[in-house]
Asks: 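My structure is below; once you've seen it, I'll send some questions.
Just so it is clear, the values below take in all heavy atoms, side chains as well, and ignore hydrogens, waters and symmetry mates.
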Amino acid sequence: MAEKRDYYEVLGLQKGASADDIKSAYRKAALKWHPDRWVSGTDAEKKTAEEKFKEASEAYSVLSDPDKKAKYDQFGFAGVDGAAGPDFSQGFGNLNDILNNLFGGGFGGFSGFGGFGNGFGGFGGGEQQPKVFRGRDIRTRVKLTLEEIANGAEKEISIERNRPCQECGGKGTKNASDIKTCPTCKGSGQVQHVTNTIFGRTMTYSTCPQCQGEGKIVSNPCRNCDGTGLSRRRETVKIKVPAGVEDGMQITVRGEGHAAPHNGVNGDLLLIIEQVEHPQLKRDGNNLFYTHIIPVTDALLGCEVTIPCLGGSEKLKIEPGTQSGTIQKLRGKGLPSVNGYGRGDLYVKILVWMPHKLSRSEKEILESMRNSDSFKVDLSRDDRAVFEKEKNIF
């Protein structure tokens, strides 16, 4: 699973960039990486352009939203995980439309993008290229124990998803000669509309109604997939879950979603983490909490107890005279941070169990100690100091 790059780095910005700087940076990235620019490139160049465009669009969708940007600036990716990003389920969209949105409309068609100094030709004034389709994302849940969260895990996920038809190889027909260029759009997937206004000619584009933006017409569709080029199959995907993930967190596995029609770009697999409740330990962020009950005699005399930890157990010394509600910390025995920095602690709360019934001899012993100085209440003592300090975490 590819590691995400910082959104500011993606757009070539510094943290704290203004809204205008963010829009300007994304405009440049959209012009450079939109897949329409790379239709004549190699397969590697096309794939790189698609990934760069998706990456820039995701960064812009977060940084252009003040609320998402504030959460990202404070918490990083954890602050925006699960937030809806740009939707490419119907392709990457026309570059003219994207730039119209960025410039506030009125951009119309382009005659070689002369104003931007790169002479992109082909757009607006020339023939439009076919739409690049993207498969739908798949969202599913994966259950993890605290032990798996602590160490990271490799899971096998069984999913049903669209895959290229094995009968026709994803083409929609067995015979390549049955695939014809759409006569309406001449293979571009879009039709041009020219409007004359007092400001001059304006050109806009819309999806071709005959081929639905594919640029091709299948005259003899494959019987197995009805010409879609896709068939549904159940498959098993191996994924690696990093240590420290939290309940409800979303992990994106690129390219493991549904296949797109006619060998387009695969969608993503979105994994929602579901934490399985531990029988003894409770979690809050990266810290763990455990309550241990000891008899009053151990509280008075002191003892050593065994505390369950992830991956084993630890010995904890209970000092004589320990008060009920005392909290002790086992440093570094919590969960690792998902970003790899630091590890939480395990907090142990000691409760003292008081017997409900006593034998006659036990009562006699306690009666003999009732008036002892050791059993008189001393309000000057501050035995609750540790509890007062840590009580908020409970």
Asks: Are the side chain of N266 and the backbone of G255 linked by a donor-acceptor contact shorter than 3.5 Å?
Replies: yes
Asks: Hey, does the side chain of N175 reach the backbone of D178 with a donor-acceptor pair shorter than 3.5 angstrom?
Replies: no
Asks: Between T48 and E45, do the side chains contain an N or O donor and an N or O acceptor separated by less than 3.5 Å?
Replies: no
Asks: Any ion pair linking E51 and R254 (charged N to carboxylate O, less than 4.0 Å)?
Replies: no
Asks: Assess the side chains of D65 and Y72: does a donor N or O sit below 3.5 Å from an acceptor N or O?
Replies: no
Asks: Got a sec, which pairs hit salt bridge (Lys or Arg N to Asp or Glu O under 4.0 Å) with one end in residues 293-308, sequence neighbours left out?
Replies: none
Asks: Kindly write out the residues that satisfy salt bridge (Lys or Arg N to Asp or Glu O under 4.0 Å) with K174, not counting sequence neighbours, or none if the list is empty.
Replies: E167
Asks: Can you give me every donor-acceptor pair (side chain of residues 306-319, partner residue at least two apart or in another chain, under 3.5 Å) with its distance?
Replies:
from	atom 1	to	atom 2	distance (Å)
T306	OG1	K315	NZ	2.9
E314	OE2	K333	NZ	3.1

Asks: Quick one: salt bridge (Lys or Arg N to Asp or Glu O under 4.0 Å) partners of R232, sequence neighbours excluded?
Replies: E160
Asks: Would you tabulate the side-chain donor-acceptor contacts of residues 14-22 under 3.5 Å, counting partners in other chains and residues two or more places apart, or write 'none'?
Replies:
from	atom 1	to	atom 2	distance (Å)
K15	NZ	D73	O	2.7
S18	OG	D21	N	3.2
S18	OG	D21	OD2	3.1

Asks: Please check if the number of heavy atoms outside K71 that lie under 6.0 Å from its NZ is greater than 12.
Replies: no
Asks: Measure the acute angle between the ring planes of F53 and Y26, then classify it against the limits of 30° and 60° as parallel, tilted or perpendicular.
Replies: tilted
Asks: For Q166, what residues pass the side chain to side chain donor-acceptor pair (under 3.5 Å) criterion, not counting sequence neighbours?
Replies: none
Asks: With R161, which residues qualify under side chain to side chain donor-acceptor pair (under 3.5 Å), at least two apart?
Replies: E235, E256
Asks: Regarding R234 and S158, do their side chains bring together a donor and an acceptor under 3.5 Å, going by distance alone?
Replies: yes
Asks: Do Y290 and L330 land in one hydrophobic cluster if side-chain heavy atoms of ILVMFWY residues count as linked below 4.5 Å?
Replies: yes
Asks: With clusters built from Ile, Leu, Val, Met, Phe, Trp and Tyr whose side-chain heavy atoms come within less than 4.5 Å, directly or transitively, what are the remaining members of the cluster of I293, listed by chain and number?
Replies: L351, W353
Asks: Quick check: does any side chain N or O of Q280 sit under 3.5 Å from a backbone N or O of H278, one acting as donor and the other as acceptor?
Replies: no
Asks: Checking E367 now: which residues fulfil salt bridge (Lys or Arg N to Asp or Glu O under 4.0 Å) with it, not counting sequence neighbours?
Replies: R370
Asks: Just to verify, what does S24 make a side chain to side chain donor-acceptor pair (under 3.5 Å) with, not counting sequence neighbours?
Replies: none
Asks: Can you list the steps and then say if V348 with I327 is a side-chain contact (heavy atoms from CB on, under 4.5 Å)?
Replies: CA-CA 5 Å; V348 181; I327 294 173; over 6 Å; no
Asks: Will you find, in the side chains of H193 and S206, an N or O donor that is under 3.5 Å from an N or O acceptor?
Replies: yes
Asks: With sequence neighbours left out, what residues match K155 under side chain to side chain donor-acceptor pair (under 3.5 Å)?
Replies: E148
Asks: Can you name the closest pair of heavy atoms from S324 and V352 and give their distance?
Replies: OG-N, 3.1 Å
Asks: Do L270 and I251 land in one hydrophobic cluster if side-chain heavy atoms of ILVMFWY residues count as linked below 4.5 Å?
Replies: no
Asks: Sequence neighbours excluded, which residues qualify as salt bridge (Lys or Arg N to Asp or Glu O under 4.0 Å) partners of K216?
Replies: none
Asks: Does the side chain of Y7 pick up a donor-acceptor pair with the side chain of E55 at under 3.5 Å?
Replies: no
